[in-house]
Amino acid sequence: MAKNLLIVESPAKAKTINKYLGKDFHVLASYGHVRDLVPKEGAVDTERDFAMNYEVIDRNEKHVDAIAKAAKQADSLYLATDLDREGEAISWHIAEILKQRGLLEGRALHRVVFSEITPKAIKEAVAHPRALSMDLVNAQQARRALDYLVGFNLSPVLWRKVQRGLSAGRVQSPALRMIAEREEEIEAFKAREYWTIDADCAHPDMAFKARLLKLRGKKFEQFDLTNETDALAARSALEKSAQGRLVVANIESKERKRRPSPPFTTSTLQQEAARKLGFTTSRTMKIAQGLYEGVALGDEGVVGLITYMRTDAVSLSADAIHELREVIGRDYGPRALPEHPHFYRNKSKNAQEAHEAIRPTSALHRPKDIAHFLNDEQRKLYELIWKRALASQMQHATLNTVSVDLDAGGDSMFRASGTTVIDPGFLAVYEEGRDQKNAEDEDEGRKLPKMTIGEAVPLAAINADQHFTEPPPRYSEASLVKALEEYGIGRPSTYASIIQVLLNREYVILDARRFKPTDVGRAVAKFLAGHFAKYVDYDFTAKLEDELDAVSRGEEDWVPLLEKFWKPFKAQVDDKNETVDRSEATGARELGTDPKSGKPVQVRLGRYGPFAQIGTKDDEDKPTFASLRNGQSMHTITLEEALELFKLPRTLGKADDGEDITVGVGRFGPFVKHGAVYASLKPEDDPYTIELERALQLMREKAEAIANRVIQDFGNGIQVLNGRYGPYITDGEKNARIPKDKEPRELTEAECVELLAAAPNRPKRGGGRFGKSKATKTAKAEPARKAAAPKKAVKKAAAKKAAKKAAKKTAAKKRSAAS
């Protein structure tokens, strides 16, 4: 056994590093986190300085045991988990587990960090270890405690006041508020009409467009043309004063420099990958993780292609800059190489200077040279990272912008602008994407013909175009990450998980790659903003992040930070539990009055989603309910649309047997019904417009499916059935798979009995976080089990007898065939 044990987080990383360090080291993976808070109340003891009760995560117990076993035989232990706070905490948890098991006595414990998986970086890190940083560990513990205290105390309030099963997160809730508030802005937006005027210039060398700059001595913006009459009048006046031509009044030429963007941080990588590659944030991080841990490059073996991908630093090491400049000079020539390297300052005050931006571990690994070793997604993301890093060290781009003022007479003026690239510099390699283009972007790449002052340019036409102002756009993944970073909500490593949690909880959906809050999401956001405003406030959340950063730098203690948060938060939770009315929390909206009954119509959020209601619980007759249709929102539905919902269930006609065929909407969606048989509507069917013929077709398909479900029935409870995942055997209590080499229709009764006997028992349902204890369930089930025992015994005996009989028949057939 090797005398040194080194522990990393992932098995892929472990294999690569093992090759670099040789036989003196044994490298094992922790497979991520090894311990977490026990999932029950009191895991963070608020009465004892927020003492945290941890337990080993079930799925990683075998990996922890393997680490402990290897540690017994090692002289030195090296903790080489990731270099962020989370990685520091994982190392600390491993050390604590080994300490509890008495495995640290007499053994040296080292913490090593590296930002790239290359032989040089790994060997250097091992040669210069450090001690565990308790400042980083405590910052991570404080973050985990805060998330736990918010989740375990705020979520039950949502269950009682809004809807069962909901949850609230310390960082996700402000992000949800951001998305919900944008939706409210869009709904409240009133489009405003406005008109623009431009000229089509028919210059002999090149046609071009010019926009109106000045009208009758005033800036065009001051006229605020908001209707067709005024716009056409302005156009007519311009046509009259111009008399078919525009005269060049002024020419301005301005040279400007555009500097390259710094290399990627986590957030800028996520934004660019979303804009340019269409990757989700979680997809980007998964692909980047693989590139960081290493890819097999033929004879080179497994090579880590990029540096650590969770960072808010923009700095580069001296070695990296030297290599990037070497590649620039070789591949793009001396003109593309600036005299001095570019250095970038970190915007985040907590960005650690020892960390680097995301860059290729070697600029010599050009994307085109290693493309055949990568899958399509890896190739695209690596190329993005490589180009951005290379461009960051290249010469600035030199652009020339020409603006030409064209006199239209009557003290009116048009302006045409165009920008040309004199020297592309870094633009030859990479240009940063943008969420929205501005006027300067539109001018870029547009060329103008050469003109001189006093020259008359023929006028082809003057155009007056109608426009309408547009509401602010919904957030995309790129713009949401950018907003979270600007507000200081979360940290680079959390953006992907914030978005994933919101999607998984169905608080938001992606509509045309933009975030749209669901009714549940809006109800949660409104409830939290109304009753826990401080805790979803952007500034408060950002300030809390800054305080966690201060803990990580050793400038603040984590226990007072938690005390300051906990006491007012708990008091507010207790107060809202008592004072908030549920109807208010579910966002009930009064829409108006039902013209038939005269009763009020409202929409609210229920157990299974949003629904409309006619009447109230205080009425003599019970209120009537109808679920909202797909695409409808309780926040925008009108009275007329709500009343339409109550047209269901409706009778379509009669079947051949004289029974009614009806259509309705139930808990599991729209359906047609014939007697006691239900058939679900297909996605293309609308319950409000479906006709009798289509409904009968769906009922026939359902009857055919039921008929085809039974492949064989042996008459003693044993059946061969068609199931959701294919054919299977059942006796009502156990299910058995059918071997691939067996035809379901040709199975004998004896074969079915044999397969059922070998099949595992069905797992018992129930339990879980809020389930009853196993002992309680067993005690309650005991009387029923005893009562059922005689029946089971009879059934078992019958099945045994049937199996023997079937075996005899099979043997007789074989003898007959042999003779």
Side-chain angles (χ1 to χ4, degrees), residues 8 10 12-21 82-83 114-125 260-266 268-269 272-273 276-277 279 283-311 313-333 336-337 341-342 344 355-394 426 428-431:
V8 294
S10 81
K13 198 189 293 186
K15 286 181 185 176
T16 307
I17 293 172
N18 225 139
K19 290 177 185 174
Y20 295 162
L21 293 177
D82 290 347
L83 66 160
F114 41 83
S115 62
E116 59 185 81
I117 301 175
T118 57
K120 181 184 174 183
I122 301 300
K123 288 172 183 175
E124 206 166 283
S261 300
F264 282 129
T265 62
T266 302
T268 53
L269 175 63
E272 280 290 81
K276 292 189 171 181
L277 307 179
F279 290 172
R283 190 80 196 128
T284 297
M285 295 310 287
K286 188 173 181 181
I287 299 163
Q289 181 85 34
L291 293 172
Y292 166 66
E293 290 179 353
V295 176
L297 300 183
D299 295 338
E300 279 191 68
V302 176
V303 176
L305 289 176
I306 64 169
T307 53
Y308 191 56
M309 62 284 154
R310 292 185 181 88
T311 177
V314 291
S315 54
L316 295 172
S317 68
D319 286 348
I321 290 173
H322 176 78
E323 200 174 61
L324 287 165
R325 286 174 62 83
E326 183 185 322
V327 172
I328 293 164
R330 185 190 69 190
D331 292 359
Y332 296 92
L337 191 64
H342 294 152
Y344 299 92
H355 294 186
E356 283 193 78
I358 304 169
R359 62 165 175 83
T361 53
S362 171
L364 298 173
H365 286 132
R366 297 181 301 180
K368 64 180 182 180
D369 296 333
I370 62 170
H372 57 291
F373 295 113
L374 309 175
N375 64 37
D376 194 48
E377 288 184 329
Q378 288 175 326
R379 178 188 57 76
K380 287 177 180 176
L381 192 65
Y382 179 72
E383 186 171 34
L384 200 68
I385 293 166
W386 186 88
K387 284 183 173 181
R388 174 85 166 220
L390 200 74
S392 75
Q393 291 302 316
M394 290 179 74
F426 74 92
V429 174
Y430 182 86
E431 183 171 10

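Please read all numbers here as calculations on a predicted model, not as lab measurements. Values below: all heavy atoms of this structure, side chains included; hydrogens, waters and symmetry mates excluded.
- In terms of heavy atoms, A12 sits closest to E293 at CB-OE1, 3.4 Å.
- In this structure, CG in L381 is found 14.0 Å from NZ in K286, a value given to the nearest 0.5 Å.
- Considering only heavy atoms from C-beta on, E377 comes within 4.5 Å of R283 through its side chain.
- One finds the CD1 atom of I358 at 6.0 Å from the CD1 atom of I385 (value rounded to the nearest 0.5 Å).
- Of all heavy-atom pairs between Y382 and L374, the closest is CB-CD1, 4.2 Å.
- Scanning all heavy atoms of the two residues, the minimum distance from V295 to F373 falls at CG1-O, 3.7 Å.
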Exercise for review: Go through R325 and L390 one step at a time and tell me if the side-chain contact (heavy atoms from CB on, under 4.5 Å) criterion holds.
Suggested key: CA-CA 8 Å; R325 286 174 62 83; L390 200 74; over 6 Å; no
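- Judged purely by atom type and a 3.5 angstrom limit, R388 uses its side chain to pair as donor or acceptor with the backbone of P262.
- For the pair K387 and Y332, the NZ or CZ position fails the cation-pi test of under 6.0 Å to the six-membered ring centre and within 45 degrees of the ring normal.
- A donor-acceptor contact closer than 3.5 angstrom is absent between the side chains of Y308 and Q289.
- Proximity of E272 to L277: side-chain heavy atoms (C-beta onward) are nowhere separated by under 4.5 Å.
- Counting only heavy atoms from C-beta outward, the side chains of I306 and R359 never approach each other to under 4.5 Å.
- With hydrogens and angles ignored, the 3.5 Å screen pairs a side-chain donor or acceptor of Y344 with a backbone N or O of S392.
- Neither side chain, H322 nor Q393, offers a donor N or O lying under 3.5 Å from an acceptor on the other.
- Between the side chain of T361 and the backbone N or O of G304, at least one donor-acceptor pair lies under 3.5 Å.
- In terms of heavy-atom proximity, T266 sits nearest to T311 at OG1-N, 2.7 Å.
- In this structure, the side chains of W386 and V327 come closer than 4.5 Å at one or more pairs of heavy atoms.
- The CG atom of L364 sits 5.5 Å away from atom CD of E326, with the distance rounded to the nearest 0.5 Å.
- When every heavy atom of A391 is checked against every heavy atom of Y430, the shortest pair comes out as CB-CB, 3.7 Å.
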**Study point:** Residues F426, I328; criterion side-chain contact (heavy atoms from CB on, under 4.5 Å); working and verdict
**Key:** CA-CA 10 Å; F426 74 92; I328 293 164; over 6 Å; no
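- The shortest distance between side-chain heavy atoms of L305 and I370 falls below 4.5 Å.
- With sequence neighbours excluded, the residues forming a side-chain contact (heavy atoms from CB on, under 4.5 Å) with A121 are E116, T118, listed by chain and number.
- Counting heavy atoms from C-beta outward, L297 and H365 have side chains that approach closer than 4.5 Å.
- Going from atom CG of L337 over to atom CE of M394 covers 8.5 Å, rounded to the nearest 0.5 Å.
- Note that the OG atom of S315 and the CD1 atom of I321 stand 8.5 Å from one another [nearest 0.5 Å].
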**Study point:** Intermediate values then yes/no, side-chain contact (heavy atoms from CB on, under 4.5 Å), L384 and K276
**Key:** CA-CA 9 Å; L384 200 68; K276 292 189 171 181; 3.9 Å; yes
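- Contact annotation: the side chain of R310 never approaches that of L83 to less than 4.5 Å [non-hydrogen atoms, C-beta and beyond].
- Between F279 and T284, the shortest heavy-atom contact is CB-OG1, 3.3 Å.
- Atom CD in Q378 sits 10.0 Å away from atom CG in D376 (nearest 0.5 Å).
- Salt bridge annotation for K368-E383: absent, with no cationic side-chain nitrogen under 4.0 angstrom from a carboxylate oxygen.
- Using a 4.5 Å cut-off on side-chain heavy atoms (C-beta onward), Y20 and I117 make contact.
- Neither side chain, E356 nor T307, offers a donor N or O lying under 3.5 Å from an acceptor on the other.
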